[in-house]
Structure formats: structure tokens, C-alpha cells
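Here is the structure we will look at.
Naming: A, B, ... by sequence-line order, numbering from 1 per chain. Keep in mind it's a predicted model, so treat the numbers as computed, not measured.
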Amino acid sequence: MPLLELREITKVFPGVLANDRVSIRLERGEIVALLGENGAGKSTLMNVVYGLLTADGGEILVDDKPVRIKSPRQAIDLGIGMVHQHFMLIEPLTVTENIVLGREPGHYGIIDFTTARERVREISERYGLKVDPDAKIIDLSVGMQQRVEILKALYQGVRVLILDEPTAVLTPQEVTELFTVVRSLVDEGLSVVFITHKLEEVVAIADRILVMRDGIVVGETTPGATDEVGLARMMVGRDVVLRVEKGAGTCGGTVLAVEDVHVHDDRSLEAVKGISFSVCGGEILAIAGVDGNGQRELVESIVGLRRPSSGRIELKGKDITHANARASIEAGVSHIPEDRRRRGLVLEFNLAENIILGDHRRPPVARRGIMHPRAITAVARKRIADYDIRTPSERVLAENLSGGNQQKVVVAREIGRDPELLVAAQPTRGLDVGAIEFVHRQILRERSAGKAILLVSLELEEVLSLADRILVIYEGLIVKEFAASKTDAETLGYYMTGGGGSKLDTGTGARQIATPSAGGDQ
Amino acid sequence: MLGSIITPDLFASALRMATPLALAAIGGTICERSGVVNIALEGIMLCGAFAGVAVTLAIGNPWLGIIAAMLAGVAIAAIHAFTSINLRSDQVVSGTAINILALGVTGFLMEIMYGHPGTTEAITTIKPIFRFASESGNSFLGTVWHWINTIFLSHTPIVYLTILIAVVAQWAMYNTRWGLRLRALGEHPRAVDTVGVSVLKGRWVAVLMSGALAGLAGANLTLEQVGSFTENMTNGRGFIALAANIFGRWTPMGSYEASLLFGFADALQIKLQIFRGQINIPSQFFLMLPYVLTVVVLAGVVGRAVGPASVGKPYEKG
Ligand SMILES: Nc1ncnc2c1ncn2[C@@H]1O[C@H](COP(=O)(O)OP(=O)(O)O)[C@@H](O)[C@H]1O
Ligand SMILES: [Mg+2]
């Protein structure tokens, strides 16, 4: 007897059929992966189950009985819990307060915090989800916050836990921990729906895999029966190149020169402690490093969002050290920021407005300070077509686009401006394989066009497949330089975690440093 | 001369002046913590002040006047709740409209009910609870008793009630179900909704509570302090209360303490007017003080003042 069954669920948004007669069964104690590209309809389907959206058709059965779920409260009462992509946590409150909210223990309206804390501790021990019950959410890492979300669902006594892209925000270490937690939940008799678009995760965690595409379930399989290439094909509907091929690089003269740059972070600590490098036209230079080693501040200082405290930055011989964002764009710097929702887009603006941001002062979009709607529409339509952005119209609000399409808007705008230098920070974060392939192709096309590209990424696969040269950043310093063809993920990982010692390596005088593997540049 | 300025009745007067500010400020705190900006405190207070006097004049019982003031506050707050919660209109616009409306309605009712604008007839004010003798000679103990008696024991009931309200509200905000949900509401209403707590209900209750408190503030003004109603007599107190709420970092006790500070500035200002010619600080300086302090706090000089994350944003169910 299935614990949860969906029959022919249909959900329509204006202009989009997000779920088209989707049927799914979930048994007790199993992990079902819901795999699909961005925009396939995974979140929509689960939001229907969780009562956040109302289906336009179909039936939901819990324990073989038809139910109507109109609110998350009803879902929770039926034993269905969900951890969202964007957490539902109240940041200034404590872990305990967040977990018990809505079902606070106590009498006469007075909360019994001793009991509350006790119960939180009890559940967290039972499922191996360690967390400080008195910590404030705002002080916790993202991985910890996710634990709190899971604990919240467990506290409410759910039997089915839906995790919507739970790994998107986690570090590799945290992903491993999450997998352990998920397995212990299943051991305790829960069932888990694991939404993702990452193939290797599906293979690692799922008992059963359901693949969604364009609002329908296109197939069901198991990790044993289909490999990653097969899954990618089911998901995208065509053969996907997981690693894009590229020709040999050329150097068409120095475009970006960074000299002994020092940058402070928001807490006024020195985050970049004297970095020098240069990027040629026609070259992709990648900066690899663990998050938080100064990449963000370095990028911001190059694109004019942060003032370096000392040093010099030149673009084609012109000093842009103290250029602001506007001057930087005018000098020919384009920037794909790491957080598309916060920095890449104005979510409340429509697609057309977003796709001309930064060009809004110059022809054809604006003349003499007045914007021309018709020109905007024309530019937008052209970029939508050129960059294969899937949208019903250019008037759709950016927030209603799927992640992949949002990123395409950013890429279209930044590359469409025809820059001298493209600074791409985590350009494929959170994207599915199809969209990753697309972004990679665009970046390589810029390279062929002789543009300079500075790629900052945490994904070693990406760094290795795109870059010509790789700099490893560690604690605000470049600790190692490699030719991309002469290194591998393991070696990079070693230097990224401080393996080479934090000695400055200019990359030119190749010092002998013992590495754990043979793939170094010595 | 300092001795004639810094007297016990300066502090007593500060406590009195602080009371209407504090009541409205605590109302503002509760309202904003739920996610609704209540700029209408000024207008609500004015309506409360009027209703209190009108009922007292009609029935002759100021206690019923207090209840009427609170009910009037709740009624006006209901308008604000409906427009900002149900209709999801801009809360600042709604509040401003209510302030203008309150001014007009009270003036209009004055004309209809009493046939003239300006000030109503006087009512007998509610008297201080305790009446202890203060004249105990010039001994040290006598002086101490005089100070204590004047500062703390010379007040009307609402002054004490306000202290009680501040303490209870502070405790409730951090120890009760209502308090936890209230704090959550203004930060992340969707999170509250997903655990099955009604955002609509929570916000309504909070706005109505703020109405009752601002109404009570009006009653304190007319029934305990002035003894009559004058058009626009709140004179910006509702706005100072909002400032006190911010200064007090959106907590009831903080609001009370900030109101004490503002009340003290007000009391000092009045006192200094008596010494005009001898002291050359313009009294306007003290009138300005609450606003300057608030700007200083907002500018982050005394640490950051951050309001609830979702305050002012209408909530739409997903
Ligand atoms: N609130 C909404 N309004 C309009 N369209 C939406 C809304 N939410 C999702 N969509 C659309 O529905 C489709 C499915 O989206 P979603 O379920 O979020 O996909 P997934 O979670 O698989 O990435 C997408 O085309 C998306 O643009
Ligand atoms: Mg999704």
C-alpha cells in the first residue's frame, strides 16, 4: 500500500502547463528522487502536495484515502513535510523557537521552553542531526539551517519528507552529511522525496528515480539500471555533452592586468592580500578556491563594486582601479555575478527591463536620457532568440522564470554587450546539465572571439573543462598556478585547502613542492 | 538655580508626559512586530481622547470614558487593519489617511455635539490614587520621602497601568505563544503560514491591540491630564511614539524607556520656559530632541536599529 499517491495532477500557470497529468506513488521507507531540469515542474508538483498550491486537476491519496490539501497545515497533519529551496526560517529567532512555532508546548499560552528544548534535543539525537537549540538562525551556516528545517518537519511528526533541491546551497562536505541524515530518516521509517537536477546525487542516494521534463514524468528507473549519461538524456531529451570540447587557446595581448591588489571585506578584514595576474584576449583564466578565500572581494574590485585598498587594475592599459560599476561597464567589463537573484537581476522587473540593464543609458535603448520602449523590446527579443531564453513573452517578471532561464538572461545581457573582459563568477551555480552546457558554450564562444575571460568557480569540473590557465586562491593569496591541461581535480583540491602552505607562488619560478598526486605542473 | 530646575516634580512630570507616548509606542511595537506599520497612532489617540471626553460628559463616569476611548481606538484600528491586511494597500498611505480622517471627524463631531469648535467643557479628571502627605520638615529622611512620594506616588491610575502593561507585554512577547508568533509574523509571515498559523488573524489581533493602547493613551491625555478635549490636542505624540518604538528597538520595555526619555525632555522644556531670560537654551531645542535622538539611532550611532524584516509588506497567500 503506497503511503502517498498522486493521480493525474495537473497545474497550469498563465502561459505554462507546469504539471501535466502527473502520477506518482511513494512507498514507506523509500527514497524517491525527482530528477528534472530547471522548470520541469518538480517544485510545482511538490508545492501542490504540500498545500502551497492548489492543483487544477487530479487527486492526492494518503494511505489509499483521497484527501484535499489546501494548506501546509493540512499537509503536516497528514504527515507530509517539506523543506523548501528557500528556507522558511525566522532568522532572529532561535533554533528551538523556529522548530516549535505553531505547536509550542506549554499551558495557558505560556511556552514551556524547557520542554521545547528537551524535545528538540531528543529528536536531533535520534536522527543524528546535531544542532545547538539556543543558537539564533542568523548565526548558523546554511547547512545547519537546513538541519533546522528538517528538524522542524520531524518535530511536527511527518512521515513523508520532501526535500526541494536540498544540496543546491550546501558544500560537498555538507552534502555528504545530508545523505547520512536522509538514510537515517529512512531507517526510522520515513519516506523521502528528493528533488534535484544533479545526476551524481541521484545515483548516490535514490532507491527509485522519477524523471520529469516539461511538466510530465518521462520515465522511471533505478540507479542500478541507468547511468549518468542515460539519466541526462532522459532529463534533457537529447544527448548532452557533459564536458564541452574546446580548441587550443591563443593570446591576443594582455586585456586585464591586476597588480598587487589588496581588498577588504565587509567586516574590514583584508580578504585579498596582494594578488597579481593578467588575462589575455582569447584566454580563459580560472580562479579556483574554496568559498570565502577572497574570490568574491577580488571579483568585486575588478568589476567596480568594491574599492581596492591598494594596488592597480588595468584594462587594456587603462587604469580602472577606482572605476565604479558604471565606469567599469563603459570600459568594457561585463560581470556575471555569483548570485543571480540578488545581484544579477531585479526580480520585480520584467525580462526586457532586466536584459537591457547597464545598457539603459546608451543607444539604441536610450537617447539623450530617454528610454525607448520599442528599442528595448527589439533588443530584448533579439537577445531572447539569440540565447534561447524560454519564456512566453519578454514581459514576464524575472522572478517567475526558472533558474536556468534567469541565468540565460544575465548571460545574454552581459555577453550581448560585447565586452572586452567577461568576469564570470560561478556562472552555472544551481543550473541543470542542459543549461550548464549552454553557458559553457557561450563562454567558449567569447574566447574564440578573442575576448578575455576571468572565471571564478568552486566547481573543479567546470574550472578544468573551461580554463586555459588556473590560479588557486587560498586565504586571499594566489598559492599556485597551473596550465589547465597539466593538472587534475585532486591536485587542485590539495592546494585549495592550503596543502601547498600559503607560500606565494608567482607561477613563473616553478618551485618544487611535494604533491600527493603526480598531476602537478612541475 | 539648578536646584530649582531639578526638582522631584520635574521627574514626576516626566513620568506623566511619558505615559501617553509609552502606551502608543507599545501599541506601535506590537503592531510593527506583526508586520504592519501603524502610522495611524496619532489619529487613533486623538479619537480615543475625544471619545473619552464625550462619554464622560454624557454619562459623567470617566471610567466608562476610558473604556469608550479604548473601543474607539479599536474601531479606528479596524479600518487600518482592513485596508492594510485584507485589501493589502500601502500601510503608510492608509495610516496617513486615518490621521487626516481623525482630525476631521473629531472636529466635525465637536461642531455637531457641542455646537462649537475648539475646546470642550471641562470634565472632572481622574484623581491620583494615593494621597500621602509630603510636608515632613527638612530632615534627610523627610527629603527622601518627599522625592519618592512626588516622583512615584503622585500619579493617576493609567500611569501605573502603563508600567504594568510595559512589563507584561515585554514578558509576554518572549514567553508566550502569542509573543513567539507575533515576533515570527513580522519577520517571515510565509514561514508562519506554512506551520499552520493564520497570518491574517495574528495581524488583525496585533493591529486591534495597538488601537486599544493608543485609545487608552488618548484617555490618559484627556481624562487624567488635561480634563477636556481640544482639536488636534495629540499634537504629534503619535509620531513621537513611533520614534520611541524605534528607539526602543521594537520592544515594549524599550518603548517605555524611550518614552521616559522623551517625556523627560518634554518636562524639562516646560520647566525651562519658566526660567526664560536666565537660561538661554531655546525650548524648541527640547521639542526637537526626540526626533534628533531617533535620527541618531536610525543612523546607527548607538548600534544598528533594524525593524522586523517584513514590516510594511502586505502578505499574499502563495
Ligand atoms: N508562480 C508562478 N507563476 C507562473 N509560472 C510559474 C510559477 N511558478 C512556476 N512557474 C513556471 O512553472 C514551470 C515549472 O516550474 P517549477 O515547478 O519551479 O520547476 P522546477 O522546480 O522543476 O525547476 C516553469 O516554467 C516556471 O516558470
Ligand atoms: Mg524547483
Would Lys11(A) count as a cation-pi partner of Phe13(A), with NZ or CZ less than 6.0 Å from the six-membered ring centre and within 45° of the ring normal? yes

Is a side-chain donor-acceptor pair under 3.5 Å present for [Y] with [X]?
X        : Y         : value
Thr29(B) : Asn245(B) : yes
Gln91(B) : Ser84(B)  : no
Thr19(B) : Asn220(B) : no

Tell me, for Glu91(A) versus chain B, whether the close heavy atoms (under 4.5 Å) come from the side chain, the backbone, both or neither. neither

Using non-hydrogen atoms and a 4.5 Å limit, figure out which bit of Tyr50(A) sits close to chain B: side chain, backbone, both or neither. side chain

Scored by heavy-atom pairs under 4.5 Å with chain B, the best of Ile111(A), Asp112(A), Asn98(A), Leu89(A) is Ile111(A)

What residue in Leu101(A), Asn47(A), Leu93(A), Ile76(A) has the most heavy-atom pairs under 4.5 Å with chain B? Leu101(A)

